[in-house]
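Each chain gets a letter, A, B and so on, in the order the sequences are listed, and its residues count up from 1.
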Number of protein chains: 2
Amino acid sequence: MSTTSESPQRNTRQRRAVAAIMADLEGFASAQQIHDILKQRGESVGLSTVYRNLQALADADLLDALRNDDGETLYRRCSSGHHHHLVCRQCGRTVEVEGPTVERWADAVADDHGFRDVEHTLEIFGTCGDCAS
Amino acid sequence: MSTTSESPQRNTRQRRAVAAIMADLEGFASAQQIHDILKQRGESVGLSTVYRNLQALADADLLDALRNDDGETLYRRCSSGHHHHLVCRQCGRTVEVEGPTVERWADAVADDHGFRDVEHTLEIFGTCGDCAS
DNA sequence: ACTACTCTCGGAAACGATTGTCAAATCCGT
DNA sequence: ACGGATTTGACAATCGTTTCCGAGAGTAGT
Ligand SMILES: [Zn+2]
Ligand SMILES: [Zn+2]
Ligand SMILES: [Zn+2]
Ligand SMILES: [Zn+2]
């Protein structure tokens, strides 16, 4: 019944290495940063491969992706379901947050103006307590 | 009283041309699109100049800027004060929206987690009534 | 109007994140 | 272990945006 004929997903050393990094990582990080971390750990993986695997993981909803002000895409492991992020500008520490009120408000506003197929983006940035010293 | 010692802002043909386009434009548009429009109108302006002037206008809070999924920066004239956008994916038609509830929620969430200097981004995307036919 | 001093313009080159290419390496079912 | 399909990775290409820098234009003062 499933209409999804996704790619086969082989279990390669590189795929495991990227997944392992993301499992540990606390905040959001760019593909290049992850590539650097891998190099430092000796588990070297080609840059293109890092990009490809991060995208695959994000497509499978195993990672959240967001773009920073510099236009870089940042990745982080995420829980399932719709949620947003409170991110520290300094250290990248991230808290997943939910807001049913906001969800309803966004849908209502869109509906009021006759918009359909609505979705939204919402991120909160700030300086976390630890970094405010 | 004003502490702003900003750049002198000369009144050039190019600056006027870009400002004129933005005054008319309904939805969000990219720098390159605006460059094309100018070319079509005969008021040709160098691409770098279009970029520079759009940034200047955005810095002066005369334009809103947002990034689309392709990583392009889109510009549109905006009213002053904090607000968000409801944007049609098809035609770019945009409605400025405000939500005091959302503002309070975002600040409260950040405060709960000890974050300071908080700001947020929020955009709503959908298909407008006209385009849903 | 003329000059001098800047600011601004614009075309080309530089940039940087991401994607495409494609031969070689690796998986994995048999 | 074999063989076909997938994945990798070094490199080139793409594309929006920024920077460079010599030429051009706005502006204040005369
Ligand atoms: Zn922090
Ligand atoms: Zn939401
Ligand atoms: Zn529309
Ligand atoms: Zn807001």
Distance (rounded to the nearest 0.5 Å) between A:Thr94 OG1 and A:Leu86 CG: 8.0 Å
Under 4.0 angstrom between A:Gln9 side-chain N/O and D:dT6 OP1 or OP2: no
Partners passing salt bridge (charged side-chain N to carboxylate O under 4.0 Å, His left out) against B:Arg77 (at least two apart in sequence or in another chain): B:Glu26
Interface with DNA chain D, restricted to residues 15-41 of chain B and to heavy atoms under 4.0 Å: B:Gln32
Pairwise side-chain contact, B:His83 with B:Asp64, heavy-atom cut-off 4.5 Å (strictly under): yes
Pairwise distance CG(A:Leu54) to CG(A:Leu63) - rounded to 0.5 angstrom: 6.5 Å
Crowding at CG, A:Asp70 (>12 non-hydrogen neighbours, <6.0 Å): yes
Rounded to 10 degrees, the angle between the two terminal axes of the helix from C:dA1-D:dT30 to C:dT30-D:dA1, each from five pairs: 40°
Within residues 108-126 of chain A or reaching into it, pairs that qualify as salt bridge (charged side-chain N to carboxylate O under 4.0 Å, His left out) - sequence neighbours excluded: A:Glu119-B:Arg89
Residue pairs, two or more places apart or on separate chains, that pass ring pair (Phe, Tyr, Trp, His ring centres under 6.0 Å) and touch residues 16-60 of chain A: A:Phe28-A:His85
For DNA chain D, the residues among residues 42-57 of chain A that have a non-hydrogen atom under 4.0 Å from it: A:Val45, A:Gly46, A:Ser48, A:Thr49, A:Arg52, A:Asn53
N-O pairing of A:Arg16 and A:Glu43 below 4.0 Å: no
Interatomic distance, A:Asp61 atom CG to A:Ser80 atom OG [nearest 0.5 angstrom]: 8.5 Å
Any pair counted as ring pair (Phe, Tyr, Trp, His ring centres under 6.0 Å), so long as it reaches residues 111-133 of chain A, sequence neighbours left out: A:His82-A:His120, A:His84-A:His120
Pair listing, ring pair (Phe, Tyr, Trp, His ring centres under 6.0 Å) test, anchored in residues 86-105 of chain B, at least two apart: none
Residue pair B:Arg104, B:Asp107: steps toward the side-chain contact (heavy atoms from CB on, under 4.5 Å) verdict: CA-CA 5 Å; B:Arg104 276 195 301 273; B:Asp107 288 345; 5.9 Å; no
C:dT8 phosphate, OP1 or OP2, under 4.0 Å from B:Gln14 side-chain N/O: no
Gap between atoms CG and P, on A:Asp59 and C:dT19 respectively (whole Å): 10 Å
Distances for protein N/O vs nucleotides 28-30 of chain D N/O pairs under 3.5 angstrom?
none

Closest non-hydrogen atom pair between A:Arg67 and B:Asp69, with its separation: NH1-O, 3.0 Å
Strand contacts (DNA chain C) in residues 60-74 of chain A, 4.0 angstrom heavy-atom criterion: A:Glu72, A:Thr73
Side-chain touch B:Thr73/B:Leu66, heavy atoms, less than 4.5 angstrom: no
Side-chain heavy atoms of B:Leu62 within contact of B:Met22, under 4.5 Å: no
With sequence neighbours excluded, residues passing salt bridge (charged side-chain N to carboxylate O under 4.0 Å, His left out) with A:Arg76: A:Glu96
Nearest-0.5 Å distance, CD of residue A:Glu98 to OG of residue A:Ser79: 7.0 Å
Distance in Å, B:Thr127 OG1 paired with B:Gln90 CD, rounded so as to fall on 0.5 Å steps: 5.0 Å
Contacts under 3.5 Å, N or O only, protein and nucleotides 2-5 of chain C:
none

